[in-house]
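Below: the structure, in structure tokens.
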Amino acid sequence: MFNLRQEILSLELTPIREVAAVGATVEGVIPLWFGESDRATEPHIVSAAIVGLQAGLTRYLPNQGYPPLVDALQKYLAEHYRFVERDRIVVTASGMNALMLCAQAVVRPGRNVVIVGPQWPNVAAVSRIQGAKIRTATLQCIDERWQLDLEAFLSLIDETVDAVVINSPGNPTGWVADDKTLAAILDKCRRTGAWLISDEVYSRFYYLAEHRAPSLLDHITPLDRAIVVNSFSKAWTMTGWRLGWMVVPETLLPEFCKLNEYNIAGPTSFVQAAGVAALAQDEKVRSLVEHCGKNGRLAVARLREMPGLLVPDVNGAFYSFFKVDGVEDSVAFAKRLIAQAGVGLAPGMAFGQAGEGWMRLCFGVNTETLNKALDRLEAFLRNTS
Ligand SMILES: Cc1ncc(COP(=O)(O)O)c(C=O)c1O
């Protein structure tokens, strides 16, 4: 009777929230269901927000973003990626908001969008809200490594596709697209006219080389139909602050400023000042990534010793996504783990049908907490196997 659009009615709230809601009612559960570190935001970032507030950063800012933050992002991109023209940088209220702005800009009703699965559900949801249909290329776990069948993936990209969205390093799998893969996908998009949106929010969480994962920024020119999305949430432990950015093609800044204006006019002003402070101390990011790398190796090694698990290598992001023998309903299994083991994991089916039977564990927490959760999981699996 309320006559909402079918695209909205057919969306489902992610089962990760359902599982977390159950977990919140049980005392002592170790929550590893969400994608966030348990570290507090660094004090110098918090101070910058407070100073910003006290200095009167409480009013509207330009739609592109707080100018000192745009400058700081340009410097950050030059240091870690490459030179990007200042007028290609747009500050957004989170990576999620950036993905939504991209979908609003390029995805049309009835058209197709290509993604790689298993995938964090929000990536497809923004295109579904636009009325598009999703084509998914599913990663295969071969010899404990995630592999993309590149030919099969490329064959999904044709003239009916408005956008291809890749997320590397990927949530939940940690799959990383190498430069050859990025170049091949870009080449196919250039030929069909599809937009290529690269979600690089885990870019710094890369364990095979220093600094960062391969990036689409290494391949595109300012004229490509390509957008690179990033966020302060993960690398600067700022999930609740809601701050991100994107790199857009040349000349499109005014269009994305309009979208920023008509969505939320731009992120919170003093939060943008905190972003400047965050970018100024890169050693904090490096220390977090080093910590996550160690935790990831620990988690994979320990999980591989437990009965009934298939545990792929982790090269990026901060999740272990593993298969549990005999589990056909990952939501029910996640609830059982809460009740019987005191551990909170995300159910694999939250990441698409291909994730059913799998579970995601976020290892971005402190090592003691991680070990405790793994002890509990191990005891549970040994008792039930
Ligand atoms: C793949 C991916 N992209 C984007 C985001 C969005 O992060 P945020 O909206 O907090 O910036 C997340 C968060 O979990 C994610 O996993």
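Just follow the structure's listing: the first ligand is 1, and inside any ligand the first atom is 1.
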Using the rule ring pair (Phe, Tyr, Trp, His ring centres under 6.0 Å), only one of W358, F322, W175 pairs with W146; which is it? W358
Is F232 near ligand 1, meaning one of its heavy atoms is under 4.0 Å from it? no
Under 3.5 Å between any N/O of Y319 and any N/O of ligand 1: does that happen in this structure? no
Going by the order shown, which atoms of ligand 1 are within less than 4.0 Å of some heavy atom of S231? 8 (P), 11 (O)
So which bit of S233 gets within less than 4.0 Å of ligand 1, heavy atoms only: side chain, backbone, both or neither? side chain
Should L156 and V161 count as side-chain neighbours, where that means a heavy-atom distance under 4.5 Å? no
Any nitrogen or oxygen of Y202 lying under 3.5 Å from a nitrogen or oxygen in ligand 1? Just yes or no. yes
Considering distance alone, does some N or O of V123 sit under 3.5 Å from an N or O of ligand 1? no
Would you call R212 and E200 a side-chain contact if the rule is heavy atoms closer than 4.5 Å? no
Which heavy atom of the protein is the closest neighbour of atom 3 (N) of ligand 1, given with residue, atom name and distance? D199 OD2, 2.5 Å
Pick from K234, M100, R242: the one approaching atom 13 (C) of ligand 1 most closely through a non-hydrogen atom: K234
According to a 4.5 Å side-chain heavy-atom criterion applied to Ile, Leu, Val, Met, Phe, Trp and Tyr, with indirect links allowed, do L279 and I50 form part of one hydrophobic cluster? yes
Looking just at side-chain N and O atoms, do D178 and T181 make a donor-acceptor pair shorter than 3.5 Å? yes
Looking only at N/O atoms, are M96 and ligand 1 under 3.5 Å apart anywhere? yes
In terms of residue, atom name and distance, what is the protein heavy atom nearest to atom 1 (C) of ligand 1? N167 OD1, 3.2 Å
According to the interplanar angle, ranging from 0 to 90°, do the rings of H80 and Y76 count as parallel (below 30°), tilted (30 to 60°) or perpendicular (above 60°)? tilted
Angle class for the Y207/F363 ring planes (parallel below 30°, perpendicular above 60°, tilted otherwise)? tilted
